[in-house]
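Structure, as structure tokens:
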Amino acid sequence: MCGIVGIVGTSAVNQHIYDALTVLQHRGQDAAGIATFTGDAELCVRKGSGLVRDVFQQHHMLELKGNAGIGHVRYPTAGCDGASEAQPFYVNAPYGICLGHNGNLTNASELAEILIREDRRHLNTTSDSEVLLNVFASELQRVGTVRITPADVFAALSAVYRRCRGGYAVVAMIIGHGILGFRDPNGIRPLVLGERRTPRGTEWMLASESVALDSLSFRLVRDVAPGEAVFIDEQGRLHTQQCVATLRHTPCIFEYVYFARPDSKIDNISVYRARMRMGDRLADKILRERPRHDIDVVIPIPDTSRTSALQLAQRLGLKYREGFIKNRYIGRTFIMPGQEEREKSVRRKLNAIDLEFRGKTVLLVDDSIVRGTTSAQIIELAREAGAAKVYFASAAPPVRFPNVYGIDMPAVSELVASGRSVDEVTRLIGADWLIYQDLDDLIAACKHEDARIEEFDTSCFSGEYVTGDVTPEYLERLQLERSDAAKLARRERRSKLKVVRGS
């Protein structure tokens with residue numbers, strides 16, 4: 001999962017993009033980048049590994065000149081975990097294009113072969129974002145005019161939609177021309193459009209989540225529609241076109257479970273309200289399964305489960321307590337590279353307040369259970385703090401299948417619920433009782449009558465992939481690329497290469 005932003009302003013946009021990226025930092029902590037262009041079409045780029053605050057120093061910001069630009073925060077998915085793959089990516093022909101991408105192309109390997117063989121384009125990385133950039137550049141090259149029009153951009157994008165499959169939201173910058181944003185035909189990955197009126201004119205902004213607009217006082221205009229492209233030229237004029245028909249509007253349900261900030265709205269659905277309804281639904285299931293439960297206190301696993309846990313406690317008429325204190329200077333364990341790092345980070349990140357646990361039957365509430373190792377360690381922390389019994393509740397159903405649309409939800413072999421019953425998972429994580437949200441209840445919690453969203457991408461829970469092109473062979477290849485062993489091997493190869501180059 002990544003965060004993207006694009007702004008066309010009436011004054012310098014460097015600070016605005018930086019601020020927006022800090023708000024979207026939860027979507028990726030591996031790398032960050034900003035690209036801008038000036039009135040005389042000079043390209044300015046800064047990107048690198050690490051958090052936004054670490055990548056950009058004052059002298060970098062001063063060099064990012066211009067009234068239009070894009071930004072990106074990344075965490076690595078399959079095969080993409082090197083500093084060289086920080087975004088935005090750039091190609092100098094045609095016109096000079098920079099691109100930042102959130103999502104995953106399911107046919108990236110095939111596209112890469114065609115780009116090299118038929119389009120005569122060179123790829124520097126294994127990232128599907130670079131593939132997407134070169135597909136767009138190749139199609140735009142066919143225009144062959146000195147100055148492109150919005151119609152030219154949309155025509156090129158129509159061809160991109162014909163060639164690319166998967167889930168994606170994209171911001172791109174055509175140097176000297178403007179900023180472009182577009183979204184996959186299923187609307188799996190989010191993208192919103194905002195505007196801000198200034199004395200100098202109207203400014204436009206594209207972002208992964210509405211909270212980025214809020215932080216900069218932009219008004220949320222709407223979500224970019226699935227299959228729609230938005231182009232803002234360098235004069236600040238907005239152009240939109242539906243480049244391909246919407247197939248099935250199926251936003252990723254895991255955005256509402258975990259990834260998005262609770263103060264965001266995605267496809268006109270409040271993430272906060274969706275998580276409240278998750279808590280209600282989960283409480284109702286507890287009452288059905290254990291009407292005479294012996295729970296003394298409900299404790300959330302900070303931070304994303306707080307909203308659901310509080311609502312669950314209120315519904316059950318139980319005490320809600322903050323039993324874990326979080327060190328906010330440790331990254332999100334879900335998006336940390338490598339199982340060893342995730343395991344080390346749990347105790348560095350969380351500390352239990354023993355008086356909230358001692359002698360009590362506690363219900364720990366988390367947004368989801370993926371690998372299970374973090375859950376097991378948290379349950380161990382609760383027992384060490386003196387809990388008499390430790391129950392565990394997941395606001396999401398069992399994660400049994402990999403996500404192929406841009407979330408590094410790992411290889412099937414690393415998913416604790418894959419091929420296991422709830423009782424088996426309960427024993428593995430060391431809980432006295434485990435309860436999962438039902439998928440139908442999760443879908444109902446995320447629906448909203450004004451959003452007009454009837455279905456979601458629930459592939460990591462159901463194994464149903466909405467693009468219809470995910471084969472067993474593709475999943476097997478993904479297994480080889482995404483496993484922690486494969487990532488470790490890639491890091492070791494890079495380390496050896498650095499040693500050879502330095503010798």
**OP:** Give a yes or no on whether Glu424 atom CD has more than 12 heavy-atom contacts from other residues, nucleotides or ligands under 6.0 Å away.
**Re:** yes

Original post:
Can you check side-chain hydrogen bond (donor to acceptor under 3.5 Å, both in side chains) on Asp367 and Ser305, steps first, answer last?
Top reply: CA-CA 5 Å; Asp367 52 77; Ser305 66; 5.5 Å; no

Original post:
For Arg400, does the CZ atom sit with more than 12 other heavy atoms under 6.0 Å from it, leaving out its own atoms?
Top reply: yes

Original post:
Given the rule in the side chain to side chain contact (heavy atoms under 4.5 Å, CB included) test, do Asp54 and Leu51 qualify, once you have shown the distances and angles that lead to the verdict?
Top reply: CA-CA 5 Å; Asp54 299 323; Leu51 302 176; 3.7 Å; yes

Subject >> Shortest non-hydrogen contact between Ser210 and Asp263, atoms and distance >> reply: OG-O, 4.3 Å

**OP:** Identify, with sequence neighbours excluded, every residue that meets side-chain contact (heavy atoms from CB on, under 4.5 Å) alongside Arg248.
**Re:** Asn186, Thr250, Glu455, Val466

Subject >> Test side chain to side chain contact (heavy atoms under 4.5 Å, CB included) applied to His101 and Gln87, Glu130, Arg74, the passing residue >> reply: Gln87

Original post:
Can you check side chain to side chain contact (heavy atoms under 4.5 Å, CB included) on Ser127 and Phe89, steps first, answer last?
Top reply: CA-CA 10 Å; Ser127 171; Phe89 284 121; 3.5 Å; yes

Original post:
For Asp152 and Thr149, what are the C-alpha separation, side-chain angles and deciding distance, and is it a side-chain hydrogen bond (donor to acceptor under 3.5 Å, both in side chains)?
Top reply: CA-CA 5 Å; Asp152 296 328; Thr149 66; 3.1 Å; yes

**OP:** Under the salt bridge (charged side-chain N to carboxylate O under 4.0 Å, His left out) rule, what do Arg163 and Glu110 come out as? Steps first, then yes or no, please.
**Re:** CA-CA 10 Å; Arg163 296 177 67 175; Glu110 303 95 295; over 6 Å; no

Original post:
Could you walk me through whether Gln241 and Phe231 pass the side chain to side chain contact (heavy atoms under 4.5 Å, CB included) check?
Top reply: CA-CA 9 Å; Gln241 182 169 305; Phe231 181 67; over 6 Å; no

Subject >> Residues Arg261, Glu255: salt bridge by 4.0 Å N-O rule >> reply: no

Original post:
If every non-hydrogen atom of Ile266 is compared with every non-hydrogen atom of Pro190, which pair is closest and at what distance?
Top reply: CG2-CB, 3.8 Å

Original post:
How far apart are the closest heavy atoms of Ala169 and Ile4, and which atoms are they?
Top reply: O-CD1, 3.4 Å

Original post:
Leu132 and Cys164: which non-hydrogen atoms are nearest, and at how many Å?
Top reply: CD1-SG, 3.7 Å

Original post:
With sequence neighbours excluded, what pairs up with Phe37 under the ring-ring contact (aromatic ring centres under 6.0 Å, His included) test?
Top reply: none

Original post:
Between atom CG of Asp366 and atom OG1 of Thr374, what is the distance when rounded to the nearest 0.5 Å?
Top reply: 8.5 Å

Subject >> Interatomic distance, Leu282 atom CG to Tyr436 atom OH [nearest 0.5 angstrom] >> reply: 12.0 Å

**OP:** Give, for atom CD1 of Ile253 and atom CD1 of Ile269, the distance between the pair rounded to the nearest 0.5 Å.
**Re:** 8.5 Å

Subject >> Partner set under side-chain contact (heavy atoms from CB on, under 4.5 Å) for Arg121, not counting sequence neighbours >> reply: Val91, Leu115, Asp119, Asn134, Ala137, Ser138, Gln141

Subject >> Glu228 and Arg222 ion-paired at < 4.0 Å >> reply: yes

Subject >> Rounded distance (nearest 0.5 Å) linking atom CG of Asp280 with atom OG of Ser308 >> reply: 9.0 Å

Subject >> Backbone of Val55 reached by a side-chain donor or acceptor of Arg46 within 3.5 Å >> reply: yes

Original post:
Does the Asp223 side chain pair with the main chain of Asp267, one donor and one acceptor, at a distance under 3.5 Å?
Top reply: yes

Subject >> Ser413 and Gln479: CA distance, side-chain angles, deciding distance, side-chain hydrogen bond (donor to acceptor under 3.5 Å, both in side chains) verdict >> reply: CA-CA 8 Å; Ser413 60; Gln479 162 94 9; 2.8 Å; yes

Original post:
Which pair of non-hydrogen atoms, one from Gly71 and one from Leu21, has the smallest distance, and what is that distance?
Top reply: C-CD2, 3.7 Å

Original post:
To the nearest 0.5 Å, what is the distance between CG (Asn403) and CZ (Phe254)?
Top reply: 8.5 Å

Subject >> Ionic contact status for Glu209 with Lys265, cut-off 4.0 Å >> reply: no

Original post:
Side-chain donor-acceptor pair under 3.5 Å between Asp469 and Thr467, yes or no?
Top reply: yes

**OP:** Kindly compute the distance separating CG (Asp457) from NE2 (His249), expressed to the nearest 0.5 Å.
**Re:** 11.5 Å

Original post:
Do Pro226 and Pro185 come close enough that some side-chain heavy atom pair is under 4.5 Å?
Top reply: no

Original post:
Short question: side chain of Arg420, backbone of Val416 - any donor-acceptor pair under 3.5 Å?
Top reply: yes

Original post:
Should the pair Asp441-Lys285 be classified as a salt bridge under the 4.0 Å nitrogen-to-oxygen rule?
Top reply: no

Original post:
Are Ser375 and Phe392 close enough that some pair of their side-chain heavy atoms sits under 4.5 Å apart?
Top reply: yes

Original post:
Taking 4.0 angstrom as the limit, do Arg189 and Asp184 come out as a salt bridge?
Top reply: no

**OP:** With the side chain counted from C-beta on, respond yes when Cys460 and Ile407 share a heavy-atom pair under 4.5 Å apart, and no when they do not.
**Re:** no

**OP:** Using a 4.5 Å cut-off on heavy atoms from C-beta on, say whether the side chain of Trp204 contacts that of Leu238.
**Re:** yes

Subject >> Glu139 versus Ala159, closest heavy-atom pair with distance >> reply: OE1-CB, 3.2 Å

Subject >> Other residues, nucleotides, ligands: >12 heavy atoms within 6.0 Å of Tyr272 OH >> reply: no

Original post:
Which class fits the ring pair Phe136 and Phe182: parallel under 30°, tilted 30 to 60°, perpendicular over 60°?
Top reply: tilted

